Structures are given as C-alpha cells and as structure tokens.
Amino acid sequence: FVTMSWMIATKAARGADGTDDRPKDVVAAAIVDDGRVLLAQRAHPAELAGKWELPGGRVESGETHAQALSREIREELGAEIEVGARIGAQVMLPNRLVLHAYRARLRSGTPAALEHLDVQWFSADELRLLDLDDVVPADRDWIPELCAILDDA
Ligand code: 523
C-alpha cells in the first residue's frame, strides 16, 4: 500500500511530459531597519516592471526558506540578512508557485538595486500612501501587516 501510494504521489507530481509540476516555494523578505521596510522595484517581467515588492526569489532544491532568502538578498541587493518570523499568509501565484514572506534584519552591507530598478525604505505612513497599482499584486495583502510591524518598531 505504501509503495502504491508513493507511486500514485510520484505520478501525480509529474506532468504528461515528465516535467515536475509540484508547487514551488518563493520567499520574500520584509527587511526592517530604523522603523522602515525595504521595498524593491521590479525590473521584469514586463507586467510587473516598475512595481514594488518585498525582495526575494525561488527556493532551490535542498535549501531552507531562510537559506534561499539570504542567498537571494545577497545576489539581488548585496547585503547580508538575518531571517526572522514569517509574516502574513502565503499567497498562491500562477504556475504553481507559493509565495512566503519573512521578517528580516540587516546584518551587513547597504542594500543596492543590483537586479531591481530601485530600492527604497518606506515608513508606515509612506506605505499607507503607496498606490496599490504600484505594488506587485501578490504583495498587496501584506501592506497592512507591514504597517503594523513598523508602528510597533
Ligand atoms: N514574486 C512576487 N512577489 C515577490 C517575489 C519575490 C516574487 O509576486 N515579493 C513572484 C514573481 C515571479 C515569481 O514570484 O512570478 C518568482 O520571483 P522572482 O522572479 O523574483 O524569482 P527568481 O529571481 O528566483 O526567479 P526567476 O527570475 O524566474 O529566475
């Protein structure tokens, strides 16, 4: 029975063409420093270009969420972070991606837009004034919780 279940589960995880269609995790960091949170302005794809997001990226196989997030922030922003507690609810994205967000603190380095159009620190008041059209859709629901975190900071 165990073998059968495994075979069914394995089969279910493969598409007709043999590709792996299991959900993939994407992680994003709410880096908080001095009462502000860092948002990064996406450069691609076209439909998300110019919109603000919590920076991050895909978890690669064998990585924990914290490891993936530290790597992505190092690659994209040139900074080292300490990953903290999860925030918000996970968000389902198209293409079987699942987005998770975590609080983070800067350990070293100054975040720079190495792969984004820009990076900017936002206070709670600035977040509240942000036009949601200028925010990546999947990240919009996190704004109230980010404001609450900053209000407490
Ligand atoms: N999101 C998203 N919000 C958000 C992130 C970090 C990512 O909606 N804060 C989405 C955007 C993409 C997918 O998650 O559809 C993968 O994010 P991306 O492109 O930042 O991850 P990478 O850099 O690992 O992936 P590729 O550019 O595709 O290699």
Side-chain angles (χ1 to χ4, degrees), residues 13-15 17-153:
R14 305 279 163 197
D17 59 357
T19 55
D20 187 343
D21 59 359
R22 280 170 292 191
K24 294 251 168 39
D25 288 337
V26 180
V27 286
I31 305 172
V32 173
D33 190 49
D34 197 20
R36 296 177 302 168
V37 65
L38 190 80
L39 298 186
Q41 197 175 33
R42 286 194 70 102
H44 68 91
E47 63 271 21
L48 298 181
K51 296 190 193 294
W52 296 98
E53 70 171 2
L54 293 180
R58 288 171 202 247
V59 179
E60 289 174 2
S61 71
E63 281 182 327
T64 63
H65 283 192
Q67 286 168 341
L69 203 42
S70 298
R71 174 185 53 73
E72 288 286 350
I73 297 304
R74 189 178 306 126
E75 288 172 3
E76 295 183 356
L77 306 178
E80 296 296 326
I81 57 166
E82 185 181 309
V83 178
R86 189 189 276 272
I87 71 151
Q90 61 185 40
V91 181
M92 308 303 290
L93 298 172
N95 305 325
R96 291 178 182 267
L97 295 176
V98 187
L99 180 62
H100 311 264
Y102 290 86
R103 292 181 68 148
R105 285 183 186 282
L106 272 182
R107 264 153 42 127
S108 63
T110 304
L114 304 179
E115 296 181 4
H116 287 84
L117 296 180
D118 196 9
V119 291
Q120 202 172 300
W121 293 98
F122 289 77
S123 67
D125 286 343
E126 287 164 340
L127 276 188
R128 289 186 190 98
L129 289 174
L130 198 54
D131 187 337
L132 286 185
D133 281 344
D134 295 334
V135 178
V136 169
D139 294 36
R140 286 174 193 164
D141 288 350
W142 293 332
I143 300 281
E145 188 169 347
L146 290 173
C147 289
I149 287 169
L150 295 179
D151 286 338
D152 287 348

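Numbering of ligands and ligand atoms starts at 1, following listing order. Note that this is a predicted model, so its numbers are computed, not measured.
If you look at Val91 next to ligand 1, there are no close heavy atoms at all, none under 4.0 Å. Residue Asn95 does not touch ligand 1, judged by heavy-atom distances below 4.0 Å.
Listed by atom number, the atoms of ligand 1 under 4.0 Å from Gly56 heavy atoms are 6 (C), 20 (O). Set against the non-hydrogen atoms of Ala138, the atoms of ligand 1 under 4.0 Å away are 8 (O). Close approach of ligand 1 to Leu93 is summarised as follows: ligand atoms under 4.0 Å from at least one heavy atom of the residue are 8 (O), 10 (C), 14 (O). Less than 4.0 angstrom separates some heavy atom of Glu72 from each of these atoms of ligand 1: 24 (O).
Nearest protein heavy-atom neighbour of atom 3 (N) of ligand 1: Asp139 OD1, 2.8 Å. Scanning all protein heavy atoms for the shortest distance to atom 13 (C) of ligand 1 gives Leu97 CD1, 3.7 Å. Here the heavy atom of the protein found nearest to atom 23 (O) of ligand 1 is Glu76 OE2, 4.1 Å.
At under 3.5 Å, a nitrogen or oxygen of Leu54, whether backbone or side chain, sits near a nitrogen or oxygen of ligand 1. At a 3.5 angstrom cut-off on N or O pairs, Arg42 counts as close to ligand 1.
Distances from atom 24 (O) of ligand 1 to the heavy atoms of Glu47, Arg140, Lys24, Arg58 put Arg58 nearest. For atom 5 (C) of ligand 1, the choice among His100, His116, Glu53 with the nearest heavy atom turns out to be Glu53.
The aromatic rings of His65 and Tyr102 lie perpendicular to each other, with more than 60° between the two planes, well past the 30° mark.
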